[in-house]
Amino acid sequence: MPKGILNKASLVMVPEAPIDGTMPSVFPEDRSGDFTFTRGSNLAATRVASNGLIEKGRENLVLQSNQFDTTWATSAASVTSGQSGYDGTNDAWLLKRSDASSRFIFQNLSAGSSVYTFSFYAKPESENWAYVYSFNGSSAITTYFDLQNGVVGATSGPVISTNIQAAGNGYYRCSLTYNTSVSQVRIYPAVGNNSVTGGVTDAGIYIQDAQLEQGLAATSVITTGASTAQAGLLENEPRIDFTGGGCGSLLLEPQRTNIITSSEYLGTGFEIGSSTSIDYNDIASPDGYKSASKVTFGAQGIQDYFRFQFTNTANTTYVGSIFLKRGSFDEINVRVSGNAVGMDGQAIFNLANGTFRSELGSVTPKMEDHGNGWYRCSVGDGTNATIASPSFRVSNEGLEPGFVYAWGAQLEAASYPTSYIPTYGSSVTRSAPSLSKYDLIDSTSQTLFIEYGKTGYTGGGGEIIFEKTNPVAAIFRIYLEVDNSGADNSRVRFRTEFPATNNDYNLGNKNEYKKIALSIDGDTAKFFGNGVLLGQFSVTSTVLEQLNVRMQSSKYSTKQLILFPTALTDEECSALTQP
């Protein structure tokens with residue numbers, strides 16, 4: 001970016017951009033300069049945050065999560081606020097029972113069947129144990145926690161995992177993970193392992209910050225009030241993605257569905273081979289929480305695998321991906337396959353050095369380094385007629401016995417993988433986003449600069465559209481896409497509507513980010529790319545009232561988008577668009 005040129009900008013969308021000392025404050029304090037961004041009403045999208053970890057949307061389903069005298073009810077127990085907490089505040093509560101019987105605090109919920117983790121902070125008062133009870137309407141899942149020694153006691157019901165972790169000031173964070181619906185959660189003062197009666201009559205424990213969330217791990221605290229609360233990557237929030245490090249870019253992707261119903265808990269929807277065993281919540285996953293599984297292949301042969309079977313559609317390509325980390329051996333087999341020759345897509349991934357070799361299939365495998373030894377390994381199948389029992393499979397077939405770490409499985413009806421879509425009991429669809437800015441400027445002199453990338457995938461692209469809104473008529477359109485002819489080019493199409501013309505420009509390597517600029521002065525439009533003037537056109541109207549960015553297909557991301565309320569010189573446009 002030429003020094004000082006941002007002083008001329010009226011609108012800048014440039015995440016984490018370096019400041020050269022002259023960059024103006026381009027956004028009003030009321031944020032009226034921001035783009036309008038929409039994606040959908042769920043938390044299906046993820047991104048790679050600036051710390052290199054995958055960030056999800058999170059939600060605490062418990063109401064009044066640290067106000068235990070409101071939505072919560074007691075069974076012959078009392079709660080007293082203002083107690084010293086684990087975090088240096090006086091936000092903890094003292095939970096005491098009124099007699100030596102089984103007494104507790106509880107909240108009624110209506111959470112459908114899914115993978116959940118219920119957590120809270122606790123500390124001994126007159127007793128050293130806590131007891132947690134989660135009810136699904138017909139049966140209970142329970143765990144005892146030793147608050148003096150920091151160990152888990154007896155459990156009952158279909159528990160996936162439990163955890164107790166020191167949190168400071170004598171507190172432990174206690175968590176229970178399970179796969180079912182939730183109609184009620186309870187916390188009891190307990191007098192010992194497997195006992196909630198007897199002992200001190202007014203047995204008590206301190207409690208703080210209850211949380212019920214989807215997933216295999218207790219994440220950072222989300223405080224709720226009269227309604228649930230969300231954190232992390234929120235609904236309709238733009239995804240500034242830092243894949244590969246460096247400057248973040250705006251991640252805009254097409255609508256996709258993760259067909260796998262439980263992407264992290266392999267106990268739902270997956271078939272596990274007879275020689276394979278799984279330990280859940282064994283190590284930290286690519287999102288930074290201890291939610292990755294240790295998968296042990298006990299033999300060397302066809303019974304060493306886990307797989308997800310699905311129903312395929314004729315002449316449709318599928319791509320499967322999963323995060324894997326080296327355990328006791330280097331290589332692992334990943335495949336999307338069925339019962340017909342040609343449907344298979346298979347690769348052997350070396351988790352020690354980040355390389356792979358393709359075995360079968362028409363879709364090129366891919367291996368993405370996510371740090372800390374984690375790789376996202378993906379492979380696709382061919383496009384064949386519908387066959388019986390296709391599956392996405394990870395196995396040690398033909399390789400040595402041992403173990404590997406796994407997390408975040410995904411299967412998409414597409415030729416390439418998109419960003420991770422977490423699922424917790426059913427398939428999930430991430431909606432395609434849209435980005436717009438109305439009443440942009442009212443001038444016959446302006447310049448648009450954009451740096452965009454399409455990371456080497458085939459197919460169409462996104463498009464940036466300038467429109468007049470009264471009357472509704474496009475002045476011109478810029479299409480950003482990969483060259484559909486199969487050439488190794490990133491193609492830009494500049495289309496004017498009045499008169500109607502198409503002008504295509506190939507800017508070279510489709511795996512690199514490209515910089516283009518459109519300068520308008522009166523009825524003359526100039527188009528720049530790769531540091532040179534690509535073309536000059538006449539346009540009958542140049543009042544731009546709306547800027548839209550829409551997705552057609554394929555991965556498309558924007559590093560910078562800048563609008564200047566003046567026509568920059570040819571020299572400035574050339575400097576802006578230098579590769």
>> If you define the side chain from C-beta out and look only at heavy atoms, does anything of Y420 sit under 4.5 Å from S321?
In response: no

>> On a heavy-atom basis, which atom in E264 and which in S291 lie closest, and how many Å separate them?
In response: OE1-OG, 4.4 Å

> Are V151 and F145 close enough that some pair of their side-chain heavy atoms sits under 4.5 Å apart?
Replying inline: no

> Can you name the nearest heavy-atom pair linking R58 to G232, along with the distance?
Replying inline: NH2-N, 4.3 Å

> Any donor-acceptor pair under 3.5 Å linking the side chain of S263 with the backbone of T423?
Replying inline: yes

> Where is the tightest heavy-atom contact between A413 and T316, given as atom of each residue plus distance?
Replying inline: CB-CG2, 4.0 Å

> Are the side chain of S175 and the backbone of A218 linked by a donor-acceptor contact shorter than 3.5 Å?
Replying inline: no

> What heavy-atom pair brings P158 and I141 nearest, and what distance separates the two atoms?
Replying inline: CD-CG1, 3.6 Å

>> If you take the centroid of each ring, where Trp contributes its six-membered ring, are W374 and F323 closer together than 6.0 Å?
In response: no

> Taking the six-membered ring for Trp, are the ring centroids of Y121 and Y86 within less than 6.0 Å of each other?
Replying inline: yes

> What pairs with Y133 under side chain to side chain donor-acceptor pair (under 3.5 Å), at least two apart in sequence or on another chain?
Replying inline: none

>> To the nearest 0.5 Å, what is the distance between OH on Y171 and CD1 on I207?
In response: 9.0 Å

>> Applying salt bridge (charged side-chain N to carboxylate O under 4.0 Å, His left out) as the test, list every pair that has at least one member in residues 268-287; sequence neighbours left out.
In response: K56-D287, E271-R307

> What's the shortest heavy-atom distance between L147 and A130, and which atoms?
Replying inline: CD1-CB, 4.0 Å

>> side-chain hydrogen bond (donor to acceptor under 3.5 Å, both in side chains) for Y289 and S220? Distances and angles first, verdict last.
In response: CA-CA 9 Å; Y289 294 102; S220 302; 3.1 Å; yes

>> Run R357 and E331 through salt bridge (charged side-chain N to carboxylate O under 4.0 Å, His left out) and show every step you take.
In response: CA-CA 10 Å; R357 62 181 185 271; E331 293 188 328; 2.8 Å; yes

> Looking at side-chain heavy atoms only, is the closest gap between T276 and V295 below 4.5 Å?
Replying inline: yes

> Any luck finding a side-chain donor-acceptor pair between Q208 and D87 under 3.5 Å?
Replying inline: yes

>> Rounded to the nearest 0.5 Å, what separates atom CG in D241 from atom OG in S419?
In response: 7.5 Å

> Thinking salt bridges, do E412 and R430 make one under a 4.0 Å N-O criterion?
Replying inline: no

> Pick from T224, V221, I222: which one makes a side-chain contact (heavy atoms from CB on, under 4.5 Å) with D209?
Replying inline: V221

> Is any side-chain heavy atom of F349 less than 4.5 Å from a side-chain heavy atom of C377?
Replying inline: yes

> Pick from Q165, Q211, E213, R173: which one makes a side chain to side chain donor-acceptor pair (under 3.5 Å) with S119?
Replying inline: R173

> Rounded to the nearest 0.5 Å, how far does CD of E235 lie from CG of L43?
Replying inline: 5.0 Å

> Do you see a donor-acceptor pair shorter than 3.5 Å between the side chains of T223 and N66?
Replying inline: no

> Heavy-atom distance under 4.5 Å between the side chains of L351 and D330, does that happen here?
Replying inline: no

>> On a heavy-atom basis, which atom in A45 and which in L233 lie closest, and how many Å separate them?
In response: O-CD2, 3.4 Å

>> Applying side-chain hydrogen bond (donor to acceptor under 3.5 Å, both in side chains) to S262 and T268, what does each step give before you reach the verdict?
In response: CA-CA 6 Å; S262 188; T268 295; 4.6 Å; no

>> Evaluate V182 against F135 for side-chain contact (heavy atoms from CB on, under 4.5 Å), listing each step before the verdict.
In response: CA-CA 6 Å; V182 183; F135 190 60; over 6 Å; no

> Less than 4.0 Å between a side-chain N and a carboxylate O, is that true for E55 and R239?
Replying inline: no

>> For Y265 and Y280, I'd like to know if the aromatic rings sit close, meaning centre-to-centre distance below 6.0 Å.
In response: yes

> With a distance cut-off below 6.0 Å to the six-membered ring centre and an angular limit of 45° from the axis, does K294 pair with F403 as a cation-pi contact?
Replying inline: yes

> Are S156 and T142 close enough, and set up right, to give a side-chain hydrogen bond (donor to acceptor under 3.5 Å, both in side chains), and what steps lead you there?
Replying inline: CA-CA 5 Å; S156 67; T142 70; 2.4 Å; yes

>> Let me confirm one number: the CG-OG1 distance from L176 to T162, rounded to the nearest 0.5 Å.
In response: 7.5 Å

>> If you apply the rule side-chain hydrogen bond (donor to acceptor under 3.5 Å, both in side chains), what do you find for Q230 with N60, and how did you get there?
In response: CA-CA 6 Å; Q230 299 176 342; N60 187 357; over 6 Å; no

>> A side-chain contact here means heavy atoms from C-beta on lying under 4.5 Å apart; do V334 and L324 qualify?
In response: yes

>> Any heavy-atom pair between the side chains of L411 and F310 that's under 4.5 Å?
In response: yes

> If only atom types and distance count, is the side chain of S114 paired as donor or acceptor with the main-chain N or O of G425 below 3.5 Å?
Replying inline: no

>> For the NZ atom of K366 and the OH atom of Y375, what is their distance to the nearest 0.5 Å?
In response: 15.0 Å

> Rounded to the nearest 0.5 Å, how far apart are NZ of K514 and CG of N530?
Replying inline: 6.0 Å

> Should F356 and I348 be marked as a side-chain contact (heavy atoms from CB on, under 4.5 Å) after you check the CA-CA gap, both sets of side-chain angles, and the distance that decides it?
Replying inline: CA-CA 6 Å; F356 63 87; I348 304 296; over 6 Å; no

> Yes or no on side-chain contact (heavy atoms from CB on, under 4.5 Å) for V115 and L216, after CA distance, side-chain angles and deciding distance?
Replying inline: CA-CA 7 Å; V115 175; L216 286 170; 3.9 Å; yes

> When you look at I421 and T257, which way does the side-chain contact (heavy atoms from CB on, under 4.5 Å) test go after all the steps?
Replying inline: CA-CA 8 Å; I421 304 171; T257 297; over 6 Å; no

> Taking C-beta and beyond as the side chain, do L212 and Y116 meet within less than 4.5 Å on heavy atoms?
Replying inline: yes

> Do F308 and F306 have ring centres separated by under 6.0 Å?
Replying inline: no

